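This report refers to the structure that appears directly beneath it.
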Number of protein chains: 2
Amino acid sequence: MARRNTNRRVGIADVAEKAGVSHATVSRVMNGNAAVDPGIAARVRAAAAELKYQPNPVGRSLALGKTDTIGIVVPDLANPTFQAILRGLSIAAAQDGYRVLIADSSEVTSEEAILAGEARRRCDGVVLCAPRMGDAELEELAPTLHPLVLINRTTIATNTPSLSVDYGQGIQELAQHLVSLGHRRLVFLSGPEHSASNRQRLVGLDQFRKEHPEIELQMLHGGSNFDSGHESTDAIIASGATGILAFNDLVAMGLLSGLHERGIRVPEDISVTGFDDIPFAKYTTPPLTTAAVPINELGSLAWRRMREQIQQAGDAPVQAQDEFPPRVEIRKSTAAPALKHA
Amino acid sequence: MARRNTNRRVGIADVAEKAGVSHATVSRVMNGNAAVDPGIAARVRAAAAELKYQPNPVGRSLALGKTDTIGIVVPDLANPTFQAILRGLSIAAAQDGYRVLIADSSEVTSEEAILAGEARRRCDGVVLCAPRMGDAELEELAPTLHPLVLINRTTIATNTPSLSVDYGQGIQELAQHLVSLGHRRLVFLSGPEHSASNRQRLVGLDQFRKEHPEIELQMLHGGSNFDSGHESTDAIIASGATGILAFNDLVAMGLLSGLHERGIRVPEDISVTGFDDIPFAKYTTPPLTTAAVPINELGSLAWRRMREQIQQAGDAPVQAQDEFPPRVEIRKSTAAPALKHA
DNA sequence: AATAAGTGAGAAAGCGTTTTCTCGGAGGGA
DNA sequence: TCCCTCCGAGAAAACGCTTTCTCACTTATT
């Protein structure tokens, strides 16, 4: 036996004893499963209420083979995008009586599989959010995790639902927006190397280049947060570009701040775009032109896809592959460039 | 019995059979508890590795009476402050092999106790973050939750550690800062009614009033997010004040944006302060003068306090009451007021 | 009136572990 | 050589619940 029996919590046995019935009957009335005599049921309920009995979820989980919990693993909990997904997921899941367990891989690629595995063992399913691992590893891991929902990645072999944003399309539209304003020299300030969404932006921009050979488009390596945007300020200025496509809103904001410090006006001197449309984007000065991804929907849809899998329990292998088109949100950080003087 | 036995996960029994030993022995080598013959141990380990055996955490939890999980309940997961606490907690807990389960009460006061109770039953402890419930209810709930850490609230009766920020002190220092710049007419844009930290600010400002009877200090009712700050713009302008103490950084940012839209310059025409120093605060335009709370420490310290309780298991009733003094962070959103013209 | 069918509650098995208890065998001292 | 002690491994109980199985009892059917 494990624990000392001293002052243990009130269990089903206590209720059974007080009500003068068996454990089984208590369980039945608590779960409303089988028919039980109304009189007895009332007695049990009274006893349960009096003892403030609350079923032990661990015991239930073991017996039922389910935990009513799902896990989510994100690369960086400091990123507002992932925070928003987490929030949407959590709220949607709570509506159906599920809780969410979080795991933050802190951008350590090698930890992802381990964290996901551990989460899966404790939960009824896992949402893998923008995993940085390689395709091969993901393909191998996915079946292991089975009730799995992927965000910003897809698998081919297994039938796992995925939600993704068409970053390639979005970045092209932003670039197009800058061009239509009259910009001819652009810079893409790229994101984390292992980020699939960054790769998608890159292929989108390749496409853009083909369609607009007359536009100069430089690539600058950056990161995914404020600081990396801020640090890129000088390189951006040195590039001589008038239109900047930042990897995301965070990077754009860091850049905005850096430009402001150096007295460079946005959008008069340089136009800046972000990506994601995080809640803060419309409150920056100037408000940020960006590509809005329906971030709140992502979380709740992730839950819906998860629920479908949990409920259908290996029934129909519906492999939903949802792809969201970003919507360009034109604000004040972009404008026609000043007349050239170089 | 619960589940169909078809295609169930590999359990301890499978390993035992493959290694030709008993369940007990497998458990022993997996946990390294008792002495077991090195040869047998090796055989067990080999079998476990070959079958990719991973102990079922639910079974372990039931036997061990612990889940290696803690819960956190927050009023609003959209608030960067709570996000940061969650993140700090999660990372610190992960370092000790613990996971965290989240519950978002969505500012619904009546849900808090229920969520906290459920979380507690599933976890080894609960972190209650800025609960909105009344003092009486909190006092009654706390012992129920026992391994409990309170953030931004305290209890008297029970010995529960609490971490709090001295909001009263911080708001006074901000007000003082505005006064020393020359402001004479201030407004406090208050936060959620049930927020204890808002009440602390109010008592701090009462104190401030006593010490500075010559200063006009109006109170305006607001909320805790962007939008409420934005919506207060006209009321702020109508107040005729030159120095605005916003409830927190979010409110301040909303206000900043509203003022900008109406062509009012910050800090030339109006000075604005925030509270919390969320990561975004130094990237607003102008960068926000605010009171920095050591938000990252809060999360990790919360974990430390939790760990102490879990480990000491009813040993020494160390009731740590940590209080953090905010540090005023002077940036560009505050300056001397323009000469009066009214 | 006797048998069949139905109903509802208790007994017990099972979920997957850990840990106590028990016991056979080996080793050491007398 | 015999007995006692020690050691290590298996048997089984325990954790707290759900659910099948079983069975006594009641009600319907002929």
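These numbers come from a predicted model, not from an experiment. Excluded from the calculations below are hydrogen atoms, water molecules and symmetry mates; all remaining heavy atoms, backbone and side chain alike, are included.
A side-chain N or O of A:Arg60 and one of A:Asn31 form a donor-acceptor pair less than 3.5 Å apart. Counting only N and O atoms by type, the side chains of A:Ser164 and A:Ser162 include no donor and acceptor under 3.5 Å apart.
With sequence neighbours excluded, the residues that form a side chain to side chain contact (heavy atoms under 4.5 Å, CB included) with B:Pro80 are A:Phe280, B:Gln83, B:Leu250, B:Ile278. For A:Glu111, there are no salt bridge (charged side-chain N to carboxylate O under 4.0 Å, His left out) partners, not counting sequence neighbours. For the salt bridge (charged side-chain N to carboxylate O under 4.0 Å, His left out) test, no residue two or more places apart in sequence or in another chain qualifies with A:Asp37.
Heavy atoms of A:Ala35 sit under 4.0 angstrom from primed sugar atoms or phosphate atoms, though from no base atom. Residue contacts shown for B:Val58 are absent, as no nucleic acid heavy atom lies under 4.0 Å away. Among the protein residues, A:Thr25 comes within range of the sugar-phosphate backbone only, with heavy atoms under 4.0 Å from sugar or phosphate atoms but none that close to a base.
For the OP1/OP2 pair of D:dT18 and a distance below 4.0 Å, the side-chain nitrogens and oxygens of A:Asn31 include at least one atom meeting the criterion. When the side-chain nitrogen and oxygen atoms of A:Tyr53 are compared with OP1 and OP2 of D:dG16, none of them lie within a distance under 4.0 Å.
Of the residues in residues 38-51 of chain B, those lying under 4.0 Å from DNA chain D by heavy-atom distance are B:Ile40.
In this structure, of C:dT19, C:dT17, D:dC17, it is C:dT19 that holds the atom nearest to the side chain of B:Ala24. Of the candidates C:dT19, C:dC15, D:dT19, C:dT19 carries the atom nearest the B:Ser27 side chain, counting heavy atoms from C-beta on. The A:Arg60 side chain lies nearest to D:dC17 when the options are D:dC17, C:dG10, D:dG16. For B:Ser22, taking side-chain heavy atoms from C-beta onward, the closest of the listed nucleotides D:dT18, D:dC15, D:dA11 is D:dA11. The side chain of A:Ala63 lies closest to D:dG16 when the candidates are D:dG8, C:dG10, D:dG16. In this structure, of C:dT19, D:dT18, C:dT17, it is C:dT19 that holds the atom nearest to the side chain of B:Leu64. For A:Pro55, the side-chain atoms get nearest to D:dC17 when compared with the rest of D:dG10, D:dG16, D:dC17.
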Return a table of donor-acceptor pairs under 3.5 angstrom between the side chains of residues 123-139 of chain A and protein atoms on other chains or two or more places apart.
from: A:Asp124; atom 1: OD1; to: A:Thr67; atom 2: N; distance (Å): 2.7
from: A:Asp124; atom 1: OD1; to: A:Thr67; atom 2: OG1; distance (Å): 3.0
from: A:Asp124; atom 1: OD2; to: A:Thr67; atom 2: N; distance (Å): 3.2
from: A:Asp124; atom 1: OD2; to: A:Asp68; atom 2: N; distance (Å): 2.8
from: A:Arg132; atom 1: NE; to: A:Glu107; atom 2: OE1; distance (Å): 3.0
from: A:Arg132; atom 1: NH1; to: A:Ala130; atom 2: O; distance (Å): 3.3
from: A:Arg132; atom 1: NH2; to: A:Glu107; atom 2: OE2; distance (Å): 3.1
from: A:Asp135; atom 1: OD1; to: A:Arg153; atom 2: NH2; distance (Å): 2.9
from: A:Glu139; atom 1: OE2; to: A:Ile156; atom 2: N; distance (Å): 2.9
from: A:Glu139; atom 1: OE2; to: A:Ala157; atom 2: N; distance (Å): 3.0

(message) Please encode protein proximity along nucleotides 21-28 of chain C as a string of B, S and -, counting only heavy-atom distances under 4.0 Å.
(response) --------
